[in-house]
2 protein chains.
Amino acid sequence: MADVAARAGVSAMTVSRALKLGSTVSAATRARIMQAVEDLGYVLDLTAGTLSSKRTGFVAVLIPSLNNSNFSDTARGIGHRLEGSGLQMLLGATDYDLLKEEELVEAMLRRRPEAIVVTGGRHTERARRQLAAAGIPVVEMWDLPEAPLEHVVGFSNAAAAGAMVEHLHGCGYRSIAYIGGSTDRDTRGTDRRRGYERAVRELKLPAGLTIACGAPPIAMQQGGEAIVDLLGRHPEVDAVLCVSDLSAFGALAECQRRGWAVPGRLAIAGFGDFELSRCCHPRLTTVSVDAAGIGEAVGDLLLRAVTSGRDKAPLPPQTLRTPFTVTARETS
Amino acid sequence: MADVAARAGVSAMTVSRALKLGSTVSAATRARIMQAVEDLGYVLDLTAGTLSSKRTGFVAVLIPSLNNSNFSDTARGIGHRLEGSGLQMLLGATDYDLLKEEELVEAMLRRRPEAIVVTGGRHTERARRQLAAAGIPVVEMWDLPEAPLEHVVGFSNAAAAGAMVEHLHGCGYRSIAYIGGSTDRDTRGTDRRRGYERAVRELKLPAGLTIACGAPPIAMQQGGEAIVDLLGRHPEVDAVLCVSDLSAFGALAECQRRGWAVPGRLAIAGFGDFELSRCCHPRLTTVSVDAAGIGEAVGDLLLRAVTSGRDKAPLPPQTLRTPFTVTARETS
DNA sequence: CTGTTAGCGCGTTCAG
DNA sequence: CTGAACGCGCTAACAG
């Protein structure tokens, strides 16, 4: 920056000002500075600026998986809202692992984000402590925790799964199974299973029809294996709810391979409303959750929270419920 | 850090040493320091450390889209290899837009990454200049540019598409169409189309069977629309190669909806070997490219290049060709 | 509108 | 094995 300043015949401070928006530098001076910047190929060093301004200009966002269109849609929604705000999004993937989340939280906090977003309401004790002590806005998304850390943008995964069970019941199905993961790694998946179990109980439908098919994230292939296992053990089943659209699609494709009519022999429902579900044949009945909308809401909230924080007027904890709907299509 | 030092009865310097691996601090002192760190909930500030050590501890990775399992698999591969190396991956998505890539390159360079990875071999002039001037290792991946910036990990998209055309020709198909984007935004898509056109020419097959279906990224729905358009205009077509598995799947599902037998009426081939293609029914013929392997190779290269750079012995430009294969399945 | 001074919170370097 | 002085590259705060 000193080199640029010398070349433009000004002080470093003036260069610093010229390089940031909304500053008071005369047009002529700015032009000379910009020319010097171009000539020298200078690129501002934010790490130094950060140290004196105490603003890093980024927010940390932790999602379970990059390769899940629900979460990448949410991440895109956040990034979209943050565009042009001077806040960049730094993405981390936890692989559905709370310990990895804990590590990532610390790794992110070391870089001093201006806010942090985590997925879900369950975290390790250490992660909770660090998040609470970080002194920055914290958002939990894709869930409705009972004891939130601070801000929340999400919906009840249990209620959403329950709504789907009620829908299937309303369609006349009476033996409704559930396909999900075999561990509690995916906490949203666990909540969905609980919501399913509760709905089945309340509707007085047969219980014990839960198939656990390996460690989350449950992918298409596991859905296919699970449906074969399920119908082998419980041939009376006439509908199945899957933890996500991916496993539901795997189940659907396997049924097609085996000549089991969907929905004739068996109805299939997914969760998440992936693009896949709108395009496959037959189109998949699913729970729509507006993943991009969650991201946009989180982005807006981040903007408000970070701005308030700078003005020393912390935003009171917000809880935003996002909608979910049962989208009945051709597999039920 | 001064607070921690005071509490542990040592100097700040000793705390700094205790907090990083492979340093020379006595066990007793370290224990006291760690206790103080826990008591105070102290989290190291990397932004400050970065300034004096001149090592930011992260590498920038730019991919076209988060929501594309090929690229997210690659990103995961990179992250996996970087784990435990002290290098973190900072991900950016360009939305298949070279101008957005240019902006992201500058935004990343402002934070002084120790290396940068970009997708593809085409960039704006300004981005090329900045990458070349950054003084850090640069990797281009998912392509085999003729004039690489420095390191390359990838394959020829044109050759891969050509190989699929030859495969279809070998199966006896004689009127082979192509479905892809209508702009050159997706430069890998453009290369695939060129590879297709060249192969068709060399095999003396009918030309003019290219369907452009909107701005990339081409998703499932566009594949479905394109196949209807295609067969309406060129009923003689007996096989189609799609720019990616997503559009191929969309085309497949639309054929099923309309009762067009695949591969009886029409063969369909995709590109990328997404999980979807291995699971759908019928299983999709595609070009397999080992997206995760590309990521792992990039990760290894980054480790070597960054280490060499620190020792003032820059790694000579590397070019790694990654394999692709035609995976014949049930749609051809 | 522009310059000067001081300092952000660490790690490097050297001395003990 | 530990400590002290110094500076990384920039921006806040104030003065002019």
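A note on names: the letters A, B, ... follow the listed sequences, proteins ahead of strands, and every chain is numbered from 1. Just so it is clear, the model here is predicted, and its values are computed rather than measured.
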> What is the distance from CG of Leu109(A) to P of dG9(C), rounded to the nearest Å?
Replying inline: 16 Å

>> Mind checking if Ser26(A) touches a base, just sugar-phosphate, or nothing, with heavy atoms under 4.0 Å?
In response: sugar-phosphate

> Where do Met141(A) and Val61(A) come nearest, in terms of heavy atoms and distance?
Replying inline: CE-CG1, 4.4 Å

>> Under a 3.5 Å cutoff, is there a donor and acceptor pairing between the side chains of Thr29(A) and Ser26(A)?
In response: yes

>> Rounding to an integer number of Å, can you tell me how far Arg55(B) CZ sits from dC10(C) C1'?
In response: 14 Å

> For the residue pair Thr94(A) and Lys100(A), what are the closest heavy atoms and their distance?
Replying inline: O-CB, 3.5 Å

> Quick one: what's the B/S/- string for nucleotides 9-16 of chain D, heavy-atom cutoff under 4.0 Å, read 5' to 3'?
Replying inline: BBSBB---

>> Any donor-acceptor pair under 3.5 Å linking the side-chain atoms of His80(B) with those of Glu296(B)?
In response: no

> Name the one of Asp184(A), Asp191(A), Asp186(A) that satisfies salt bridge (charged side-chain N to carboxylate O under 4.0 Å, His left out) with Arg188(A)?
Replying inline: Asp186(A)

